[in-house]
Amino acid sequence: MKIKSLILYCLISSIFLFFLVSIWKVLSTLQGIELKNFNFAIILTLGIGISLINLIIGDKFHKIIKSLIFAILFTFVDGYILQMMPVWYNVGIFGILIFYSLKIDKYNQKNLELDYSSQKVVFEFLTLFGIVLFSFVILFPFYMMLVTSFKTQAALLINPLDFSINFAQDIKELFKSYFVIFDTYKFGRYILISSFVSVGTVIITLIFAIPAAYAVARLNFFGKNFLSTSILIIYMFPAIVLVIPLYTVFSQLGLRNNVGGLLIVYTATTLPVAIYMLQGYFKSIPKELEEAAIMDKLNWFGIIIKIILPLSIPAISSVALYVFMIAWNEFLFSLMFLDNPNTFTLSRAIQYLSGDAETPRQYLMAGSVVVTIPVLFIFVYFEKYLVSGLTAGSVKG
Amino acid sequence: MSDTLSKIEKRTAYILLLPAVFLVFSIILFPIFANVWISFKEVGLKDIRIPEPRAKKIVKSIKDSSDEIKIIYKLRNSSLILDIRDVKFQDKIPKNSEPLNLDERCQLKSNIIYCDFGNWKAKYRENFQIVLKNKNGEKINKKEIKSIKPKLSGKSDNILLNTDFTLKNFKKVFFQNEFFDLLTTTFYYTFFGTIGSIVFGILAAQLVNQKFFGRTFMRSILLFPYVGPVVALAYTWELLLDPYSGTLNNLLLNFQVIQEPLNLLGQKYLTINFFGFDLKLRLALTTVIIFEIWRYFPLAFLFILARLQAVPKELYEAADVDGAGPLQKFISITLPQITAVISILFMIRFIWNFNKFEDIFLLTGGASGTRTLPINVYEQGFTISDIGMGSAVSIVIVLLLLIFMYIYFKLLGRRADEN
């Protein structure tokens, strides 16, 4: 057995264990349990001990029995150090230990003698580390958003770390923030406006983009190359440099505080990417189909409606979803163009809410949940389409 | 024959393209040129409101006489700074009435009073009166008078359309705006944000490219920060990082990692004692960069993952036969395969981060050392209300952007040649 591999294996696996246990402790703290210490030294020692025993025992026991023994042992020691913990906390620790011992089961004395065994150990544990860390770091803010919206101001002041949700209370109390934002702050109206603007943007963009993309993909005309490059360049131009001129012109034309004005701007800013994505797909449709259609004396309108559209449903759906997402999430233009609370979109409304320092933060979070859920839902449900849209659109945002 | 066909083809193409091109031109290209125009002018936010002549109509009965009715028009110039020329006024009166002692600026033509008020200075105000007397003894309907709105019109200079130009804005941008500070902050933010998102993108892609339970689920989750609305995410982070009631600080205090709460978004510098040297870390800027990385590494992840999945498996198998370790495989197989994607990603993300506005605006509003060029556009234009200055900063952004794009397309072209 190589000493280097052995030391690396023991250290890295026990650090991983410490890491898992600490995350569990953080999550438990957020449920209102009083925990003041990660007990780094004790848990590291326990982890090293378990890793070593695992090597020594090897295959003498079945791996399930082995991991049960480890888990029970660890849970007891941990329970002895931190007394008076609720049962579910110990159950969690037990689960973590089962998971951990199953993971380290495959390392035995033989395994650590192979070439590059130390590198492999590091890589494998880094992968596990990465999976846990990435999930935690990404999901944590979303989790906070959700649980904060169910708390009350008073409860958060008493213990800012207690995010446990009391499901026993009245449903009206539980969803109080949501009732408030819909009743007092008219969020129902904002949802309608946001949906109207986003769906409207999708429809208008498609109506403009499909013919244009067809022309770029299929027809020969003077300035075609120039146009294709300028689509890409225009797409790279950021909203912030358009804001001042558009603001002045829209003010003078009376298009501010007007959902129509917002629709025009959103359509224009999403058109380049929509054309770019669609023309790429249109080029992949076999030309013979259209040639047959020309024989049948169909004009371009007929070709687009009867041949191109039915064949490009997947591409059109990804463009539609992608544009919807951009329009729904858009913030800068709605900040610039909307001052009147009657015309706010959801994003603008939340920003407006936060502008008032008195607004309790659970209302802000309830609003954030309301604006986030539709997008995440659409994303998870139509992931395939959206991912291809994201990769093709590639540069937005 | 083929000539006419290609002509038809051309015409069709132009017809199909026209609506899209027109819209994009008017909303995207026109403003970019308009920026150049405005940046050479001294224009404030208040100047862009076109002055209007306004009249508020008040109808009053006269005490002693039921036959007469007095109308008072409170006339004013809506602008505090600009004059209005040739103000014209018209209002309808009921058929059964006629004006008494009509002002000499006005005349009556078949129930309509036309007035010519001439020029109104800025802030001009006047109470203008008309007394109506009934004809043939019928009572005048007060409600009818109230329901008719007077029409006013006038000409005024539009400050945006005249040809007074000045270089003042650019002088201010470069010499009075802490321009150097602005530029370095922007570059810090852009550079570290880009590098960070690419590094984490590579790590995440490397993870998801392996087989494990819940891999597709993991792939969805990794994209959440990128698809979520920026407003919601920024405010969640703000709550998370709040020095007093924020979860992160309370957790760190609770587990005794720190002794004092850290104001992660409101503190410009954090002094760290490092082996006797005092290092100054730009705290708020670092926090904003971390948010940036958190939000945009999914894009890098998506691209790199797509590339990784296209790497032929045989390469790794051959490496196994040759007895290469994991690290060697990563360095000599994976990295060369993804360098092309990384270089393109770097340019794209660099350009986009350079222009990022919302994230910083929502998190810090540009305070505590996080003022970047895009934030400065907003501040100049709408906080300080100097539209001309805002435009001038925009122009600086556009120029820098054109340089980056030139490099980017050069790179893209070279890549295309290589393939």
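Every chain is numbered from 1, with letters handed out A, B, ... down the list of sequences.
Checked against the 6.0 Å centroid criterion, the rings of A:F123 and B:F330 do not qualify as a close aromatic pair. Annotation: A:F134 is in aromatic contact with B:F297 [ring centroid separation under 6.0 Å].
For a residue to count as touching a neighbouring chain, one of its non-hydrogen atoms must lie under 4.5 Å from one of that chain's; by this rule A:R218 touches chain B with the backbone only. Residue A:I373 does not touch chain B at all, counting heavy-atom pairs closer than 4.5 Å. Neither the backbone nor the side chain of B:V208 comes within contact range of chain A; no heavy atoms are under 4.5 Å apart. Both the backbone and the side chain of B:I387 come within contact range of chain A, each with at least one heavy atom under 4.5 Å from a heavy atom of that chain. No part of B:F404 comes within reach of chain A, as not one of its non-hydrogen atoms sits under 4.5 angstrom from that chain. Looking at B:L373, neither its backbone nor its side chain comes within 4.5 Å of chain A, counting heavy atoms on both sides. Interface residue A:L227: only side-chain heavy atoms are found under 4.5 Å from chain B. If you measure heavy-atom distances from A:F222 to chain B, the contacts under 4.5 Å come from both the backbone and the side chain. Residue B:F217 does not touch chain A at all, counting heavy-atom pairs closer than 4.5 Å.
The two residues B:A20 and A:A212 come nearest to each other via the heavy atoms CB-CB, 3.9 Å. A pairwise comparison of heavy atoms in A:V137 and B:W294 identifies O-NE1, 3.2 Å as the closest pair. In terms of heavy atoms, B:S394 sits closest to A:I240 at OG-O, 4.3 Å. Across all their heavy atoms, B:F255 and A:K25 have their closest contact at CZ-O, 4.3 Å. Heavy atoms only, all atoms of each residue included: A:G130 and B:L207 are closest at C-CD1, 3.5 Å. When all heavy atoms are compared, the tightest approach of B:L239 to A:R361 is CD2-CD, 3.4 Å.
The aromatic rings of B:F224 and A:F142 stand perpendicular to each other, their planes meeting at an angle above 60°, with 30° marking the opposite boundary.
Ranked by heavy-atom pairs shorter than 4.5 Å toward chain B, the options A:A215, A:S230, A:S251 are led by A:A215. Chosen from A:L30, A:L139, A:V380, the residue pairing most often with chain B at heavy-atom distances under 4.5 Å is A:L139. By number of non-hydrogen pairs under 4.5 angstrom with chain A, the leading residue of B:V24, B:I397, B:V21 is B:V24.
Between B:Y235 and A:Q351 the shortest side-chain heavy-atom distance falls below 4.5 Å.
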